[in-house]
Asker: 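First, the structure itself, so that you have it in front of you.
As the structure is a prediction and not an experimental result, all values here were calculated from the model. Positions are given from 1 along the sequence.
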Amino acid sequence: MIPLRPYQEEAVNAAREVVKQGGHPLIANATGTGKTRLGLAICATAISRGRWCLWLAYGVSLLRQTVKAGEAFGIVGEAVAAPKVWPVAPFMAVSLATLAAEGRLDEFKQAMGSPPAVVVWDEAHEVCGPQAVGVRRALEAWGARVHVGLSATPETPGLGDLFTLAYHYGVRRAQRDGFLCRETVEVDAIVVRRDMATQKQIVVKERGDPVEHILRRGGSRAIVFSARVARAQEIAARLGEAGKRAIVLTGDTPEEDRIAAFEAFERGEEDLC
């Protein structure tokens with residue numbers, strides 16, 4: 001059994017009730033409250049009964065992280081994206097784009113033989129498009145009856161058509177319960193508009209400065225999100241000048257470098273990502 005926090009146990013029990021009523025449960029827990037562990041716990045129960053489970057997501061790095069997390073609890077899994085030969089394991093973390101590709105689902109069904117006991121849709125707010133809906137219908141036709149959605153944003157349009165909200169554990173409650181830090185500060189919000197006379201972008205609203213905020217809190221570590229690469233590089237440069245160890249991660253950063261950066265951050269070898 002995977003040890004769970006009280007609210008995670010509540011979420012699992014609530015999901016079971018929705019399944020008993022023939023629905024597909026959505027667990028909407030705030031980022032940082034352990035949705036992956038919760039989903040793995042649901043899968044672990046099915047796997048202990050001799051079944052296999054399917055975990056779907058878009059990002060390959062996310063799939064690998066999930067399999068790695070499962071290994072810590074004795075779950076044997078495979079992270080799969082566009083394979084030449086399909087591996088087989090009790091826990092299959094598969095790229096949604098792969099299953100949506102022509103002929104891939106048929107290959108997968110042939111490799112696995114029987115339908116999964118549980119299908120977990122990670123970041124379920126991203127699966128409301130026609131591609132994901134098509135995969136879901138094909139899985140249901142195969143015999144995959146239990147679909148569990150995990151998301152931090154249950155208000156996403158269309159999500160309610162696919163899932164029934166079973167449990168919601170928001171940021172405020174998690175902070176009040178002591179599972180999330182109380183300080184979540186939006187300091188890097190910049191609004192710009194184009195000056196019609198000069199055709200230049202001008203700042204019309206700016207909320208705070210992440211560098212000043214971080215430096216005021218000596219010894220703290222943080223993750224800074226920026227809308228533009230240039231802005232992220234500027235922030236990292238200023239932090240470096242102030243003696244902080246900062247790493248810039250962008251969409252072009254190789255997956256191995258991303259994983260290494262976050263692992264260094266978790267070990268305390270880097271101050272910021």
Side-chain angles (χ1 to χ4, degrees), residues 28-36 57-69 79 81 93 95-97 122-129 150-153 155-156 170-172 174-175 179-195 198-273:
N29 285 7
T31 300
T33 57
K35 291 189 297 297
T36 298
Y58 272 110
V60 177
S61 60
L62 181 60
L63 297 173
R64 290 179 179 173
Q65 290 169 18
T66 302
V67 169
K68 184 177 180 180
S95 163
L96 183 58
D122 200 1
E123 304 295 344
H125 52 275
E126 296 183 356
V127 300
C128 298
L150 304 177
S151 176
T153 53
E155 68 279 2
T156 302
V171 172
R172 298 295 185 190
Q175 289 175 330
F179 292 115
L180 287 182
C181 65
R182 289 186 175 274
E183 186 171 18
T184 303
V185 183
E186 184 182 5
V187 293
D188 194 24
I190 300 176
V191 179
V192 299
R193 68 173 175 82
R194 184 179 296 279
D195 186 300
T198 64
Q199 293 299 304
K200 293 182 179 180
Q201 297 284 356
I202 60 174
V203 175
V204 295
K205 181 181 179 182
E206 184 169 0
R207 185 184 303 162
D209 182 336
V211 175
E212 292 179 0
H213 176 76
I214 291 165
L215 295 181
R216 283 198 300 268
R217 300 183 60 82
S220 64
R221 292 188 295 142
I223 297 177
V224 180
F225 294 93
S226 180
R228 301 185 305 280
V229 173
R231 175 65 170 169
Q233 292 170 337
E234 172 200 339
I235 292 171
R238 289 175 57 198
L239 288 167
E241 292 171 358
K244 291 287 186 179
R245 301 165 297 180
I247 303 175
V248 176
L249 302 179
T250 73
D252 294 328
T253 303
E255 181 184 346
E256 294 76 12
D257 293 346
R258 290 170 181 261
I259 295 173
F262 279 109
E263 289 178 345
F265 181 76
E266 291 174 354
R267 292 193 300 268
E269 297 172 3
E270 297 292 343
D271 299 317
L272 299 113
C273 286

Asker: My understanding is that only residues two or more places apart in sequence, or in another chain, count here; which of them pass side chain to side chain donor-acceptor pair (under 3.5 Å) with Gln233?
Answerer: none
Asker: Applying side-chain contact (heavy atoms from CB on, under 4.5 Å), can you list everything that pairs with Ala242, at least two apart in sequence or on another chain?
Answerer: Leu215
Asker: Looking at every heavy atom in both Val248 and Thr253, which two are closest together, and how far apart are they?
Answerer: O-OG1, 4.1 Å
Asker: Who pairs with Ala93 by side-chain contact (heavy atoms from CB on, under 4.5 Å), at least two apart in sequence or on another chain?
Answerer: Trp55, Leu63, Val67, Phe91
Asker: Quick one: side-chain contact (heavy atoms from CB on, under 4.5 Å) partners of Ala152, sequence neighbours excluded?
Answerer: Thr31, Lys35
Asker: Considering residues at least two apart in sequence or located in another chain, which fulfil the side chain to side chain donor-acceptor pair (under 3.5 Å) criterion with Gln65?
Answerer: none
Asker: Go through the structure and list residues passing side chain to side chain donor-acceptor pair (under 3.5 Å) with Ser151, not counting sequence neighbours.
Answerer: His125, Thr153
Asker: Can you tell me how far CG of Leu62 sits from OG1 of Thr36, rounded to the nearest 0.5 angstrom?
Answerer: 6.5 Å
Asker: Taking NZ, NE, NH1 and NH2 as the nitrogens, is one of them in Glu234 or Arg231 under 4.0 Å from a carboxylate oxygen of the other?
Answerer: yes
